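Working notes, beginning with the structure itself.
The shown structure was predicted, so the numbers you read here are calculated from the model rather than taken from an experiment. This chain uses plain numbering: 1 for the first residue, then up along the sequence. Heavy atoms only: backbone and side chains are in, while hydrogens, waters and symmetry mates are out. Counting convention: from 1, in listed order, for ligands and their atoms alike.
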Amino acid sequence: MMDDERFMTDSDGRIYRRYDDIKTKPIQRLNYDSREINRFIKKQEPVIIENLGLVDSATKWDLEYLHENIGNEEKSVYVSKTHKFMYYNASRCAVYPDFIPPNEQHNMTMTEFIRKYRTWKPGEHRIYFQQILTDTVGSCIYNDFRNFKWSWLNSKKERFNWGDLTSNLLLIGQPGNVTPVHYDEQQNFFAQVHGYKRVLLFDPKFFQCLYPYPFHHPCDRQSQVDFENPDYERFPLAKHLAGYEGVVGPGDVLYIPMCWWHYIESTMDSQITTSINFWYKHQSMTLSDLRFPLKWQQKLTVSRNIEKMLGEALGDPSEVGPFLNALVNGRYT
Ligand SMILES: C[C@@H](CC(=O)O)C(=O)C(=O)O
Ligand SMILES: [Zn+2]
């Protein structure tokens, strides 16, 4: 790995992909008892929280324990020909008939996933277990889940007027798996259980530098910019990307603010990576709460509503692009 210039090794021995073009500053790391944490969450800026013990009860969730206790229902596992696992909404493929899914979502038992994981050889399709935790899990897992530090989570939800917890995703990945840069419209406490993940985060204001796919595209919310091979002809503003970077390890909790762009990579030195996220609906906002100028998170919501509404008003999502070009070209540009 050391002689492969695509990768770098940091001072802690973590090995991950080198992106020389992307300027980053370190994500702030704070101990769980720091009063500063609330300031970051209030400002909706990323922060890595240490020693919180949020999901300590999941430390025993190794493959053997999960095999014994997670239940025999089939689980969601993504399979990719490459190391990238870009999420796509299969229900939107009809609008883009030429769209080629970048990976496949399979359902398989834990037994099958573990067999594939243990027999995997370089060059084979990669796998990434991504399963929403539901009440179908076994009683041991359910008890571990109940022992997460829900009082801490609930205190943040109440303090910052977040909406309900929508789901917890359990992620089990191979070293080198990459979730390309995208945003989610939810607040996220991302807890790292086993192994290490390198994260890059960008403020929502970099919308124009990350060129998200159209709203009606299967890859809505995903950036079109490939960090490993950026096409600066098509995406010239990507050169101006500047963000935050960090590595989360066992026990770390990363706060990913709603609508912040994030790239997440399982480091090559990890044996396996296990993460559990906590997605919360964003805070309900009334008109009286609105302050101008709008924040970029709000402008993003406005832009999505415009694209959605235009698709409905024009009666055909494929007319949205030509219509917006006609509206803007030569008039606003
Ligand atoms: C699934 C996760 C990425 C990863 O861990 O590979 C993510 O994007 C999120 O929690 O919002
Ligand atoms: Zn995400």
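- Using a cutoff of 4.0 Å between basic side-chain nitrogens and carboxylate oxygens, Asp10 and Arg198 are not scored as salt-bridged.
- Taking the six-membered ring for Trp and thresholds of 30 and 60 degrees, Phe148 and Trp61 have ring planes inclined between 30 and 60 degrees apart.
- Contact analysis leaves Tyr87 out of contact with ligand 1, as no non-hydrogen atom separation drops below 4.0 angstrom.
- Among the heteroatoms counted here (N, O or S) of Asp184, OD2 is the one nearest to the Zn ion (ligand 2).
- The nearest heavy-atom contact from the protein to atom 7 (C) of ligand 1 is His262 NE2, 3.9 Å.
- Residue-level proximity to ligand 1 for Gln130 is absent, since no heavy atom of it falls below 4.0 angstrom.
- Between Trp260 and Tyr244, the two ring planes are tilted [angle within 30° to 60°].
- Those atoms of ligand 1 that come under 4.0 Å of a heavy atom in Thr179, given as number and element, are 3 (C), 4 (C), 6 (O).
- Contact annotation: Trp279 has at least one heavy atom less than 4.0 Å from an atom of ligand 1.
- Looking from atom 1 (C) of ligand 1 to the surrounding protein, the closest heavy atom is Leu171 CD2, 3.6 Å.
- Atoms of ligand 1 found under 4.0 Å from any heavy atom of Tyr128 (numbered from 1 in listed order, with element): 4 (C), 5 (O), 6 (O).
- For Tyr78 and Tyr128, the ring centers are positioned 6.0 Å apart or more.
- In Asn188, the part holding a heavy atom less than 4.0 Å from any atom of ligand 1 is the side chain.
- At least one heavy atom of Lys197 lies less than 4.0 angstrom from ligand 1.
- Residue contacts with ligand 1 include His182, since one or more of its heavy atoms lies under 4.0 Å from the ligand.
- Outside the 6.0 Å centre-distance limit, the rings of Phe190 and Tyr255 are not counted as a close aromatic pair.
- Between Glu5 and Arg18 there is no salt bridge, since none of the side-chain N atoms of the basic residue sits less than 4.0 Å from a carboxylate O of the acidic one.
- Each of the following atoms of ligand 1 lies closer than 4.0 Å to a heavy atom of Asn277: 9 (C), 10 (O).
- Under 4.0 Å from ligand 1, the heavy atoms of Phe190 that appear belong solely to its side chain.
- Of the charged side-chain nitrogens involved, none lies within less than 4.0 Å of a carboxylate oxygen, so that Lys239 and Asp21 do not count as a salt-bridged pair.
- Ring to ring, Phe189 and Trp152 are close: their centroids are under 6.0 angstrom apart.
- Remark: ligand 1 and Asp184 share an N or O pair separated by less than 3.5 Å (distance only, no angle test).
- Not one N or O on the side chain of Trp261 forms a donor-acceptor pair closer than 3.5 Å with the backbone of Ser223.
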